[in-house]
Amino acid sequence: MVDFEKMDEELLKRITTGACLSITGTLAESLGKGQKVEVLVEELEILGDSEADVSKGEVYPLQPKAHSLEFLREIAHLRFRTNTFGAVFRIRHAMTYAMHKFFHDRGFYNIHTPIITASDAEGAGEMFRVTTLDPKNPPLTEDGEVDFREDFFGRQTNLTVSGQLEAELAALALGKVYTFGPTFRAENSNTARHLAEFWMIEPEVAFADLNDNMDLAEANLKYLVQYALDHCADDLAFLNQRALDEEKNKKKEERSEMSLLERLHFVVEHPFERITYTEAIEILEKSKPNKEKKFQYPIQGWGTDLQSEHERYLVEKHFKKPVILTDYPKDIKAFYMRLNDDGKTVRAMDILFPGIGEIVGGSQREERIDYLRKRMQEMHISEQELYWYLDTRKFGTAPHSGYGLGFERLLLFVTGMTNVRDVIPFPRTPKSADF
RNA sequence: UCCUCGGUAGCUCAGCUGGUUAGAGCACCUGACUGUUAAUCAGGGGGUCGCUGGUUCAAGCCCAGCCCGGGGAGCCA
């Protein structure tokens, strides 16, 4: 509250949207509506003018009005200043802290797995090459190929697509470990759920089977959601209202059945549904949309991977809660997953969340070296390159399990935002690495 | 990468079946006002209509290619 007669008019004029002020005054009961208290300004200093050069047609991009998230993404260096992104990134911090607390309180050790890696055999996705060679004039071998022996590490290296294999090494010594770090995928994925650089949490537990793994993951997700409810109430209330306002512009059938806060409470209060892939196929085959041919991809019987529309049906229509799908056919899963006694399925689990899809992917690992070698051969994965991984099976192996949790996908659920690009400060996506 | 919708002022958008000097609200500037809380009153400046090429007497509007963004799909976390 400024007394216009006591303040320098020129000074007041300089206060534009975005300016940084230092104010000294008296806190008093407010006469205005919509607020209880206000500061009666005695001293006012402008620490930082928000100086757009009007003669050049410049403007401070943030205006006192609602901006589209797409526009704010283009000015990611300034979007921290909006109340929406303030709330989102405070929650991101809280979730980071809560993640470490969850694992620490349960006796897990945090392992820093390498970001630059020489292995490219994991099959988790396309990798980014790391090199210091001159792209215009690389050293060549006699065969005319690029000679990576001349490269910085003396071999081809990439950015990691997963810390899992290294985490397994640690788990088979320390017992319970987890990683929490950046992960890179050079896939040309253009969706609201994928980033080229994202953060992943990968716990790995010795002597744990798939059931232990599911229990851990479910507890993990519920703990984080509960932590947000307990510690980020103001920001969640704001985001809840924001989402409700957004929904007003949508058609009735496109609106969600529950508000953000209702969804968070619901997840904490209800057990996740656990079913096998085989049971899921049966449900889908008998489902209404399948019989009425409403699915774009009709259920082709046992063996094929589920499409997004099938996962959404199970989670959003059939069970109406998070679903853990287990025991997938081995042919659609990674080489390190433990083979079941039926010889055709593996001890895999995916956790599917409403509106997000796969938020967790994990498995009980194949600890039996013969089975593991056989799978690697079938999938053309070099034993020489992964000798260090096989060594853990060779020398005193143990049953163990783990999973990967996509941090940004979790944040989508907790914040109610709908695009992963809006829950990471500086998103990296195909054709976009600004700031 | 595929399908689909879109790209008009700093932002959000309008622009009818192609037809004179391309509009609104907000923002910005000037002045007035001042118990104001995102939108007080009056006036003003501001647009190579994504880019390139084509059709036409005439293109913001039609056609082609490209670039960028949204939504959906695939890949996955």
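Letters A, B, ... are given to chains in the order of the sequence lines, protein chains preceding strands, and every chain is numbered from 1.
- Atom C1' of nucleotide C75(B) and atom CG of N188(A) are separated by 10 Å, given to the nearest angstrom.
- For G15(B) and C49(B), the C1' atoms lie 10 Å apart once the distance is rounded to whole Å.
- Across all strands shown, the partner of C66(B) is G50(B), judged by Watson-Crick or G-U wobble contacts whose two distances both fall under 3.5 Å.
- Here F407(A) does not lie in a stacked arrangement on the base of A77(B), lacking the combination of planes under 30° and ring centres under 5.5 Å apart.
- Distances were taken from every side-chain heavy atom of H194(A) (C-beta onward) to each of C75(B), G71(B), C68(B); the shortest belongs to C75(B).
- A straight line from CG of L412(A) to P of A77(B) spans 16 Å, rounded to a whole angstrom.
- Contacts of F71(A) with the nucleic acid, taken as non-hydrogen atoms under 4.0 Å apart, involve only primed sugar atoms and P, OP1 or OP2.
- For the P atom pair drawn from U8(B) and G47(B), the interatomic distance equals 15 Å after rounding to whole Å.
- Using a 4.0 Å heavy-atom distance criterion, S68(A) is classed as a sugar-phosphate-only contact.
- Atom-to-atom, CG of N190(A) to P of U4(B) comes out at 16 Å; the value is rounded to the nearest Å.
- Among the heavy atoms of the strands lying under 4.0 Å from S189(A) is at least one base atom, whether or not backbone atoms are also near.
- Relative to the ring axis of Y389(A), R393(A) places its NZ or CZ within 45° and under 6.0 Å from the centre.
- Rounding to whole angstrom units, CD of residue E309(A) and C1' of C3(B) are separated by 14 Å.
- Atom P of C29(B) sits at a distance of 47 Å from the matching atom of C3(B), rounded to the whole Å.
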_Show, in sequence, the C-alpha distance, side-chain angles and deciding distance for Y178(A) and H100(A), and conclude whether the ring-ring contact (aromatic ring centres under 6.0 Å, His included) test is met._
CA-CA 9 Å; Y178(A) 71 104; H100(A) 285 293; 5.6 Å; yes
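- Remark: C1' of C3(B) and CD of Q307(A) are 15 Å apart, rounded to the nearest angstrom.
- Salt bridge status for D350(A) with K333(A): present, with a side-chain N to carboxylate O gap under 4.0 Å.
- When heavy atoms are screened at a 4.0 angstrom cut-off, L195(A) is found touching base atoms of the nucleic acid.
- Between the C1' atoms of A38(B) and C76(B), the separation comes to 41 Å (whole Å).
- The pair D422(A)-R79(A) meets the salt-bridge criterion, since a charged nitrogen lies less than 4.0 angstrom from a carboxylate oxygen.
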